[in-house]
Amino acid sequence: MVAQRLDGKACALSVEEELHGRISVCIAAGVKPHLAVVIVGDDPASHVYVKSKVKACERLGIKSTHIELPEATGEDEVRAVIHRLNEDETLHGILVQSPLPKHMDEEALTDLIHPAKDVDGFHPENLGRLVQGRLDGMLPCTPSGVMRMLKWAGIELSGKRAVVLGRSRIVGNPQALLLGAKGADATVTVVHSRTKDAQSICAQADVVIAAIGRPEMVGVDWIKEGAVVVDVGINRVEDSTRERGWRLAGDVHPDVAQTAAWLSPVPGGVGPMTIAMLMENTVRAAEHTANL
Ligand code: NDP
């Protein structure tokens with residue numbers, strides 16, 4: 001079996017096409033969607049992600065405000081920036097790029113973002129709604145992007161055995177909630193670093209979502225013939241055959257394509273979907289402001 005490609009890039013394009021119309025309606029109602037992206041420090045990967053987000057705004061005609069602060073910025077100053085952005089009525093979405101420098105309490109800072117502007121979907125109020133099974137709020141972008149991509153590919157989840165590798169606040173935990181929610185109806189197992197015999201648990205799954213940050217750890221013997229595999233991982237690994245000396249690798253070994261029915265590529269899988277969902281959350285927040 002050679003796995004079909006779960007093409008996140010193509011799915012993200014279809015999301016963007018739909019958003020164009022919704023953005024025109026917002027603008028006609030006098031509200032131009034506006035996203036603020038705050039980045040603190042010099043982490044090169046974070047700067048690449050922020051650039052992709054700003055570029056997506058440009059493609060769609062969403063206004064973006066990009067705020068860059070030096071590594072040595074104090075937590076108080078970041079707090080003041082978030083408060084100012086919360087008060088700004090022309091702004092609909094606020095994103096604080098993760099990771100923040102080590103001297104800052106990232107969770108406490110992102111908790112300050114007004115829930116209605118929390119386009120990353122990490123505020124306790126938004127995550128709390130998800131726990132309650134209310135899926136109409138701001139959903140975290142990466143797991144909701146995975147769900148959208150599976151739906152777009154026509155992959156049925158109801159009654160399927162799903163394994164989520166990872167239990168982070170950003171990906172694994174909300175992913176498990178979304179897969180098990182009413183409407184998706186998968187039966188979900190969460191695997192983490194203390195799980196015994198993760199490989200055999202995974203090998204029984206119809207659907208595997210890998211979000212552990214361990215390059216190519218999920219090998220071909222982890223995956224049942226015909227399973228659906230979504231690779232969330234983005235890892236930099238050394239590669240002397242490349243001019244730049246590194247390449248991007250997922251959490252799933254490429255040989256899994258021999259066993260799986262579907263496999264998402266890295267790059268070009270979940271990454272573009274995360275950005276598309278961020279754009280959708282921003283447009284949803286603007287629609288809310290415009291009473292649409
Ligand atoms: P975290 O480091 O926050 O969480 C990793 C999770 O994986 C933890 O729950 C950890 O378990 C678990 N884990 C680690 N090692 C193992 C192991 N050997 N066996 C089983 N479980 C393990 O990472 P994130 O959730 O933020 O990100 C995961 C990956 O997804 C990363 O590669 C990241 O770059 C990528 N990512 C990609 C995005 C995209 O847009 N495509 C967006 C966000 C992230 P424990 O809780 O026990 O420590």
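Start at 1 with the first residue, then count along the sequence. Whatever order the structure lists ligands and atoms in, that order sets their numbers, starting from 1.
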(request) May I ask you to check whether I234 has an N/O atom sitting below 3.5 Å from an N/O atom of ligand 1? (result) yes

(message) Between K160 and E156, does any side-chain N to carboxylate O distance fall below 4.0 Å?
(response) no

(request) Would you mind running through ligand 1 and noting each atom that sits below 4.0 Å from a heavy atom of T274? (result) 39 (C), 40 (O)

(message) Testing the 3.5 Å rule here: is there a donor-acceptor pair between the side chains of T110 and H123?
(response) no

(message) For A211, state whether at least one heavy atom is located under 4.0 Å from any atom of ligand 1.
(response) yes

(request) Check each atom of ligand 1 against the heavy atoms of V171 and keep those under 4.0 Å away; list them by number with element. (result) 25 (O), 43 (C), 44 (C)

(message) Quick test of your reading of the structure: of V270, V218, V232, whose heavy atom lies closest to atom 36 (N) of ligand 1?
(response) V232

(message) Going by the rule salt bridge (charged side-chain N to carboxylate O under 4.0 Å, His left out), which residues pair with D239 if we only count those two or more places apart in sequence or in a different chain?
(response) R242, R247

(request) Locate the shortest heavy-atom distance separating M273 from A12; write the atom from each residue and the value. (result) SD-N, 3.5 Å

(request) Can you pull out the closest protein heavy atom to atom 31 (C) of ligand 1? Residue, atom name and distance to 0.1 Å, please. (result) G213 CA, 3.6 Å

(request) Please report the C-alpha distance between R84 and D88 in whole Å, then the side-chain angles of each, then the deciding distance to 0.1 Å, and finally whether the side-chain contact (heavy atoms from CB on, under 4.5 Å) criterion is met. (result) CA-CA 6 Å; R84 180 167 57 75; D88 184 342; 6.0 Å; no

(request) Around atom 42 (C) of ligand 1, find the nearest protein heavy atom and jot down its residue, atom name and distance. (result) T142 OG1, 3.2 Å

(request) Determine if the distance from atom 2 (O) of ligand 1 to the closest protein heavy atom is below 4.0 Å. (result) no

(request) Just do the side-chain contact (heavy atoms from CB on, under 4.5 Å) check on L165 and C202 with the steps written out, would you? (result) CA-CA 9 Å; L165 293 162; C202 223; 4.0 Å; yes

(message) Could you check whether any side-chain heavy atom of R161 comes within less than 4.5 Å of a side-chain heavy atom of V207, counting everything from C-beta outward?
(response) no

(message) Which option wins on minimum heavy-atom distance to atom 15 (N) of ligand 1: M273, R214, H192, M277?
(response) R214

(message) Counting C-beta onward and ignoring hydrogens, is there a side-chain heavy-atom pair between Q132 and L130 closer than 4.5 Å?
(response) no

(request) Taking the side chain as every heavy atom from C-beta outward, state whether H47 and I39 have any pair of such atoms under 4.5 Å apart. (result) yes

(request) Note the single closest protein heavy atom to atom 17 (C) of ligand 1, along with its residue, its atom name and the distance in Å. (result) M217 CE, 3.9 Å

(request) Could you tell me if any non-hydrogen atom of L165 lies under 4.0 Å from any atom of ligand 1? (result) no

(message) Check this for me: does any side-chain nitrogen of one of E125 and R129 sit under 4.0 Å from a carboxylate oxygen of the other?
(response) no

(message) Using a 4.0 Å cut-off to any heavy atom of N235, which atoms of ligand 1 qualify?
(response) 32 (O)

(request) Distance to 0.1 Å, residue and atom name: give those for the protein heavy atom nearest to atom 4 (O) of ligand 1. (result) S168 CB, 3.8 Å

(message) Students should be able to answer this: which protein heavy-atom is nearest to atom 8 (C) of ligand 1, and at what distance?
(response) R167 N, 4.0 Å

(message) Give me the nearest non-hydrogen protein atom to atom 12 (C) of ligand 1 as residue plus atom name, then the distance to 0.1 Å.
(response) I212 CG2, 3.7 Å

(message) Just to check, does G271 reach to within less than 4.0 Å of ligand 1 when the distance is taken from its heavy atoms?
(response) yes

(request) Go through S64 and E58 one step at a time and tell me if the side chain to side chain donor-acceptor pair (under 3.5 Å) criterion holds. (result) CA-CA 8 Å; S64 67; E58 283 167 7; 5.5 Å; no

(message) Return the closest protein heavy atom for atom 11 (O) of ligand 1 as residue, atom name and distance.
(response) S193 N, 3.3 Å

